[in-house]
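Values below: every heavy atom of this structure, side chains too, minus hydrogens, waters and symmetry copies. Labels below follow one simple rule: chain letters A, B, ... track the order of the sequence lines, proteins then strands, and each chain is numbered from 1.
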Amino acid sequence: MFIKPYGDTSNDGAVQLSFTLPVKNCGRAKEAARLYVQKLGFQKVDVVHAAALSEDFTFFVAYGKTDVSLDYDKVEYAEAVDKYMSMDEVNEFIKTHFKRKLVIVGACTGTDAHTVGIDAIMNMKGYNHHFGLERYPMIEALNMGSQVPNEKILAKAKELKADAVLVSQIVTQKDVHIKNLTELIELAEAEKMRGKTLLVMGGPRVNNKLAKELGYDAGFGAGTYAEHVATFVVKKLYERMTTRK
Amino acid sequence: MTPLKSKLGLSKPKIDRARELAAEITAPVQEFIDTHTTVTIERATLRLLGADGANDDGVPVPNLIAAQCGAKLSGGAAAFYLNALLKLDKKPAELNKEIEKGLNICEIPLTDAKRIQKKAEEIIKGLDARIAGNVTHRNAQLKLSKDKIKSPMIYVIVATGNIYEDVKQAQAAAHQGADIIAVIRTTGQSLLDYVPYGATTEGFGGTYATQENFRIMRKALDETGEKEGRYVRLVNYCSGLCMPEIAAMGALERLDMMLNDSMYGILFRDINMYRTLTDQFFSRMINTAADIIINTGEDNYLTTSDAVEKAHTVLASQFLNERFAAGAGMPARLMGLGHAFEINPELKNGFLYEYAQALMAREIFPEHPLKYMPPTKFMTGDVFKGLAMNTLFNFVSKATGQGIHLLGMLTEAIHTPYLQDRHLAIDNALYVHNTMADFMDEIEFKKDGVMARRARQVLDETVEMLEEVKRHGLFTAIETGMFAEIKRPRDGGKGFDGVYEKAAGYYNPVEAYLKKKLKVGK
Ligand code: B12
């Protein structure tokens, strides 16, 4: 199925844009904005708003229509898990299949000081009325907090024989998270933890696809709750256990 | 701006009780502060006496001197610097060059204490004149632009990491109508136990606070201010491990506001509590001497705690910040106490609670230029919804007569602001603030309505909390997570090893000057 943006009618390809150009606001600037949007591949370009941000910068809002379409059938994206279990279901699943508590260690690593995201997943209280992993009777959860060096979280995971490590990355400017996440993977590789301990990452600007590219088992973005991660962890561990047999 | 009678029916005796408790809570802490100094207080002192520059490895001169002093810091570093100026017969700039090259000034035998004191007086006279000159200049400019500065004042941030890009964005924002520009510091600067030197162009999520960067931005905003016929205030962060040094730099370079909180560093940066509490006192004396408005950080509590459940922790902290600041000689007009619009937008009547909280703060702190922070935690990638939330925030701010209005950015959840994000935010605020210009005077509230009841409840809970903090003492209260639900052990955290008990005969002429000027202490 080929798709195009829908504005007012099917396949009209209508797109809304806003951007700033480094020129003074005047008629010529507006014409430049129109030509620029045209160059991006849009037709029937309409620059509907122009405002001076200073003597040297102008902000524009524009609409355009595009001919570009995309074959939706060829788009590949796999969610970490298709169907999520509830907290109770996760606990039952662990009791039935593992007959022991699972150990999960998590932290916001590197220089990142944002704790609220990892707390939302791990702390008792949870987030938006979804309890965190600490509340799960069959999960032993340790939240190490923020600004935790990669070596430290891996060492802790080893010490506790953790089944899964959860890494939170909130700051993404200048790709600091990529550097830090890659470092953790390399350390895990050196420690021979990959393939044994599940490595899961999360944060508002990351997703499952990026996680896979970096070598993680899964990645979770904005709006994640503890049960989402828990479902992935128990199912993946179970899958590994049964395929190894 | 100051409401004559409480529209929320707040109890005066309760407010008085809260203030009394705050005084009782801070008194034992102040005793500790009075008998201690820190490595950064000593470095700040050196800076104010003229120490500046850095060696080839980027180690600042004040740090070089502090390292030379070692344990002698407990007696104060000033004497060594003053002594070296005398003995080598050099001006500070010349002496700094020698220290950069490796001169150890602590090895020079000390001359007569009277000569040192005389040298101190000479330098401090110049310091006092410089700071007074800054204050006079600012006040004259503010007077000229009186009718053009908005109420509340519109405050935006720049955070490119590159001071020269920051300048472009700051000038554009000032042109669009911003009254205040804050340069956000780079990730991690608060944990550096030194202040980097020189102009900088690389930072993550913010730009290094350096004295040269202060100077560059000050000059740029003065230029824009002249063009616009309106003085533009400059803000930076006087927090972290170098709090007093940054206060000193701000005083010298005519910053107008400083973020400065008595507990933020402890809670959100894991800095040792003795260190931060001691540092905040010295910093606030410098801020006061330079007529710099501080912004406290209570808004941050609501990122780790729920804004409805823990609203009283914000008010309790405001009382403590007020008391600590007063202890440093600061008048109310310089206390920009912080709070924020951070209630979950899905909560029914959340807006009424926000409105009640903001009005309550206004009524309890009538002369303080309250610093009101926008929604951040519940901002998402839905920038359109974000703009709507910011509009309601702008409304509450104007409807409650806030002093310093930090604009929300529609892209808060995504990146540090783009040029156009600030424009949209300023436009939104100007629209709201104009269309409801006299709204505050028009409106009254039901005596027992949702808002009045809410404000009373928060005040009640605040008094209860302060009673409890008093029972345990502030140190234990912080240890047990009573603020922001973050626990910090008293002997843990960064910077503890930089706290010194003042030795007998501790000598700090800058401290003495500040205390005398501000009538602080006995
Ligand atoms: C609160 C906050 C702070 C607080 C943090 C307090 C604390 N203890 O956490 C303080 C004030 C300390 C702070 C500091 C800074 N911040 Co900040 N902060 C925020 C803010 C407003 C909210 C973040 C938040 O709590 N969201 C709520 C939680 C629940 O959501 P979440 O983190 O996305 O988590 C969810 C999912 O992502 C996921 N998830 C997250 N982690 C994980 C991990 C796993 C394993 C899984 C499965 C899921 C998962 O599940 C969570 C629940 O659904 C955001 C803006 C925003 N609205 O996002 C900026 C923001 C993240 N901060 C930012 C910046 C730049 C900074 C500073 C660098 C500023 C500075 N110059 O000092 C410093 C960084 C200090 C440091 N060393 O990291 C930028 C980051 C820009 C970028 N893309 O890189 C943002 C986006 C603001 C902005 N527009 O500039 N910040």
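Considering all non-hydrogen atoms of both residues, Ile414(B) and Arg205(A) come closest at CA-NH1, 3.7 Å. Counting all heavy atoms, side chain and backbone alike, Val116(A) lies closest to Thr304(B) at CG2-CG2, 4.1 Å. Smallest separation of non-hydrogen atoms from Ser18(A) and Gln420(B): O-NE2, 3.9 Å. Of all heavy-atom pairs spanning Phe204(B) and Gln173(A), the tightest one is CD2-O, 4.1 Å.
No donor-acceptor distance shorter than 3.5 angstrom exists from the side chain of Lys174(A) to the backbone of Gly205(B), with no hydrogens or angles considered. Side-chain N or O atoms of Arg269(B) include none that pairs as donor or acceptor with a backbone N or O of Ala113(A) at under 3.5 Å. A donor-acceptor distance shorter than 3.5 angstrom exists from the side chain of Gln176(B) to the backbone of Leu53(A), with no hydrogens or angles considered.
With a 4.5 angstrom heavy-atom cutoff, Glu228(B) does not touch chain A via any of its atoms. At a 4.5 Å heavy-atom cutoff, Thr224(B) makes no contact with chain A through either its backbone or its side chain. Looking at Leu191(B), the atoms closer than 4.5 Å to chain A (heavy atoms on both sides) all sit in the side chain, from C-beta outward. Neither the backbone nor the side chain of Ile426(B) comes within contact range of chain A; no heavy atom of the residue lies under 4.5 Å from a heavy atom of that chain. Both the backbone and the side chain of Thr20(A) have a heavy atom closer than 4.5 Å to some heavy atom of chain B.
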Exercise for the section: Decide side-chain contact (heavy atoms from CB on, under 4.5 Å) for Asn344(B) and Asn128(A); before the verdict, give the C-alpha distance in whole Å, the side-chain angles of both, and the deciding distance to 0.1 Å. Expected result: CA-CA 10 Å; Asn344(B) 187 339; Asn128(A) 255 350; 3.8 Å; yes

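To the nearest 0.5 Å, atoms CD (Gln169(B)) and OG (Ser54(A)) are separated by 10.5 Å. Distance check, rounded to the nearest 0.5 Å: NZ of Lys125(A) to CD of Glu485(B) gives 4.0 Å. Distance CZ/Phe19(A) to CG/Leu419(B): 13.5 Å, rounded to 0.5 Å.
Ranked by heavy-atom pairs shorter than 4.5 Å toward chain B, the options Asp119(A), Val176(A), Thr115(A) are led by Val176(A).
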